Amino acid sequence: MDSLKNNSSAIIRGLTVAIAVILQAITFAILGFYLQEYATWAYILLEILSFLVVFALVNDQESYRQFWVVIVLVFPVIGLFLYFMWGRRRTNSRMNVMIRNTEAKMRAYAPERPEVIQELREKHPYKAQIARFLNNEGFRMYNHTRVTYFPLGEEMLDAMIEDMKKATKCIFMEYFIVSNGEIWQRVKQVLIDKAQEGVDIRLLIDDFGCLAINTEEFRRELARAGVRLAIFAPIHKDVDRLSFNYRNHQKITIVDGNIGYCGGINLADEYANIIERFGHWKDTAVRLEGEGVWGLASIFLEMWEITMRYEITTDYSIYMPTIHPESDGFVQPFSDGPANNPRNPAEEVYTHLINKARDYVYITTPYLVLDRKMAEDLCRTARSGVDVRIIVPHIYDKWYVYMVNVANYGPLIANGVHIYEYMPGFIHSKTVVSDDECAVCGTINTDFRSFYLHYECAVYMCESSSVMAIKDDIRETLKKCEEIDYDEWLHRPLHEKVIQWVLKLFAPIL
């Protein structure tokens with residue numbers, strides 16, 4: 001009965017937001033029709049304004065914004081209303097100001113260490129440029145950090161829960177999805193037990209990703225146990241501005257400030273292959289131990305302050321790492337989000353890795369929804385003789401996104417990029433590895449949402465054992481994949497081509 005009640009609550013909340021958005025669209029349509037029929041001069045003026053907006057958007061180099069050109073041109077007046085309501089960048093919003101202020105405060109705890117980047121530069125001059133770029137964006141590079149790579153979600157979750165059981169000071173968790181099941185019950189029990197021991201427990205969840213579990217009973221149970229809960233961007237707020245479209249997709253666990261986890265894995269049973277949703281679920285993550293953990297902890301604490309707003313801590317030094325192990329290379333945790341637009345550190349790191357590759361670059365991603373710039377980078381790199389390989393799912397979670405994936409295969413393959421589908425199921429892993437020198441593992445998909453709309457995080461690694469571990473894992477994964485044949489792609493059914501062409505136009509909002 002409780003489960004039915006919780007599901008009903010989630011459905012009602014979701015439907016309420018959906019109905020509000022539909023009513024807005026209908027209102028715009030009615031208003032546009034009324035103006036055209038009864039207020040011709042107003043309609044003409046709005047059409048002129050629409051074309052001025054189109055010219056401004058065409059001159060905007062941000063690919064995501066090119067989508068609005070199509071909307072405004074196809075629906076001149078209605079599209080104009082939609083753009084001003086949902087499409088404009090709001091750089092001066094209170095949220096963006098809070099983010100900037102909080103980022104500045106966190107960076108004060110991690111002063112620049114040019115000697116670390118200089119050490120990397122001497123070993124890998126080609127890849128040190130990426131480290132310098134991230135450093136200039138405020139993300140410090142660390143040594144004295146051990147790194148462990150997990151090729152499967154179940155391995156990472158088991159290790160993480162064991163680390164949590166040993167916590168004596170704090171456990172911070174930030175996840176896009178939390179679903180009721182075996183994994184959540186195990187995690188919840190540890191959180192409750194540790195809260196009773198006086199450990200500082202904080203759980204930050206995204207409201208949309210946790211829609212089904214985020215009920216009054218869920219919140220009451222955690223509050224009674226002493227677990228502090230923060231809910232990012234409730235979907236029923238600011239519906240008129242489509243703020244629910246900006247989600248917190250980050251996935252981080254911090255234990256005592258000395259251990260940190262980051263990757264594509266959420267707190268749900270499918271990520272550990274306890275239940276089967278889309279065949280075998282292939283996901284990855286990294287575990288940091290040592291100085292580099294502060295990079296992840298500061299990302300969590302930034303989002304915590306932004307979400308809670310009223311709960312501001314003046315001294316975070318108590319959460320900084322207290323251990324300094326022997327270095328396993330260099331690590332550089334970083335984050336991204338809509339407040340950074342049009343500067344997108346996540347996309348820029350991927351672009352650097354692709355363009356700087358000399359021998360190979362391998363990418364795993366569930367969503368191959370590329371903008372023109374990244375597609376051109378991949379094609380140019382492949383044409384220069386670099387071995388470019390991309391692994392995507394064979395069994396998809398969203399058919400419409402898979403259609404866009406397929407639409408992108410042809411031009412990439414024609415230019416020498418090798419595309420593989422993971423045949424056992426769904427690959428949710430978000431990794432890049434290049435030249436046996438550096439790699440990225442985190443939450444970043446190669447799509448518009450990750451690069452422009454969502455808050456994301458990842459770890460850039462150089463000269464670390466995890467780099468080769470990621471490469472070896474991708475090599476093993478390729479044995480379970482099938483490469484896409486260009487001739488077969490060309491001769492796919494006509495109706496699929498039409499559907500893919502239409503969906504690709506709307507790729508930025510999928």
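All of these numbers come straight from a predicted model, not from anything done at the bench.
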In plain terms, say whether [X] and [Y] are close enough for a salt bridge, that is, a side-chain N and a carboxylate O under 4.0 Å apart.
X      : Y      : result
Asp158 : Arg186 : yes
Arg228 : Asp200 : yes
Glu162 : Lys165 : yes

Given the rule in the side chain to side chain contact (heavy atoms under 4.5 Å, CB included) test, do Arg277 and Asp397 qualify, once you have shown the distances and angles that lead to the verdict?
CA-CA 8 Å; Arg277 291 188 64 196; Asp397 63 336; 5.9 Å; no
Kindly give the heavy-atom pair with the smallest separation between [X] and [Y], and that separation in Å.
X      : Y      : value
Phe139 : Pro333 : CB-O, 3.5 Å
Ile318 : Lys169 : O-NZ, 2.8 Å
Ile183 : Asp269 : N-OD1, 2.9 Å
Ile171 : Met164 : CD1-O, 3.6 Å
Gln250 : Cys457 : CB-SG, 3.7 Å
Pro321 : Asn258 : CA-OD1, 3.2 Å

Does [X] reach the side chain of [Y], with side-chain heavy atoms less than 4.5 Å apart?
X      : Y      : answer
Arg389 : Ile474 : no
Leu378 : Ile363 : yes
Val433 : Tyr360 : yes
Cys441 : Val459 : no
Met173 : Leu267 : yes
Thr307 : Ile231 : no
Val187 : Ile161 : yes
Thr364 : Ile470 : no

Which residues pass the side chain to side chain contact (heavy atoms under 4.5 Å, CB included) test with [X], not counting sequence neighbours?
X      : answer
Ser298 : Met106, Trp294
Cys481 : Ile391, Tyr420, Tyr422, Thr477
Arg146 : Glu289, Pro325
Asp377 : Thr351, Ile354, Asn355, Lys373, Arg380

For the side chain of [X] and the backbone of [Y], is there at least one donor-acceptor N/O pair under 3.5 Å apart?
X      : Y      : answer
Glu291 : Tyr142 : no
Arg140 : Asn135 : yes
Asp206 : Gly209 : yes
Lys251 : His249 : yes
Ser179 : Ala268 : no
Asp336 : Ala346 : yes
Asn405 : Pro366 : yes

Side chain to side chain donor-acceptor pair (under 3.5 Å) partners of [X], counting only residues at least two apart:
X      : value
Ser466 : Ser464
Asp473 : Tyr149, Lys282
Thr284 : Ser429
Glu155 : none

With sequence neighbours excluded, what pairs up with [X] under the ring pair (Phe, Tyr, Trp, His ring centres under 6.0 Å) test?
X      : answer
Tyr460 : none
Phe133 : His352
His428 : Tyr271, Trp281, Phe426

So, for Trp184 and Phe218, is the gap between ring centers shorter than 6.0 Å?
yes
Taking atom [atom1] of [X] and atom [atom2] of [Y], what is their separation to the nearest 0.5 Å?
X      : Y      : atom1 : atom2 : answer
Leu134 : Asn136 : CG    : CG    : 9.0 Å
Tyr402 : Ile395 : OH    : CD1   : 10.0 Å
Tyr175 : Ile252 : OH    : CD1   : 8.5 Å
Asn248 : Ser335 : CG    : OG    : 10.0 Å
Leu203 : Thr253 : CG    : OG1   : 9.0 Å
Glu217 : Leu222 : CD    : CG    : 9.5 Å

Determine, step by step, whether Ile254 and Leu301 satisfy the side chain to side chain contact (heavy atoms under 4.5 Å, CB included) criterion, reporting the C-alpha distance in whole Å, the side-chain angles of both residues, the deciding distance to 0.1 Å, and the verdict.
CA-CA 10 Å; Ile254 304 295; Leu301 291 167; over 6 Å; no
If you draw a 6.0 Å radius around NZ in Lys480, do more than 12 non-hydrogen atoms from other residues or ligands fall strictly inside?
no
Among Phe300, Phe176, Phe334, Phe232, which residue satisfies the ring pair (Phe, Tyr, Trp, His ring centres under 6.0 Å) criterion with Tyr455?
Phe232
List the residues meeting salt bridge (charged side-chain N to carboxylate O under 4.0 Å, His left out) with Arg475, not counting sequence neighbours, and say none if there are none.
none
Residue pair Glu456, Thr443: steps toward the side chain to side chain donor-acceptor pair (under 3.5 Å) verdict
CA-CA 6 Å; Glu456 305 283 0; Thr443 70; 2.5 Å; yes
Side chain to side chain contact (heavy atoms under 4.5 Å, CB included) between Tyr261 and Phe150, intermediate numbers included:
CA-CA 10 Å; Tyr261 287 84; Phe150 296 95; 3.8 Å; yes
Asp447 and Val404: CA distance, side-chain angles, deciding distance, side chain to side chain contact (heavy atoms under 4.5 Å, CB included) verdict
CA-CA 10 Å; Asp447 64 359; Val404 178; over 6 Å; no
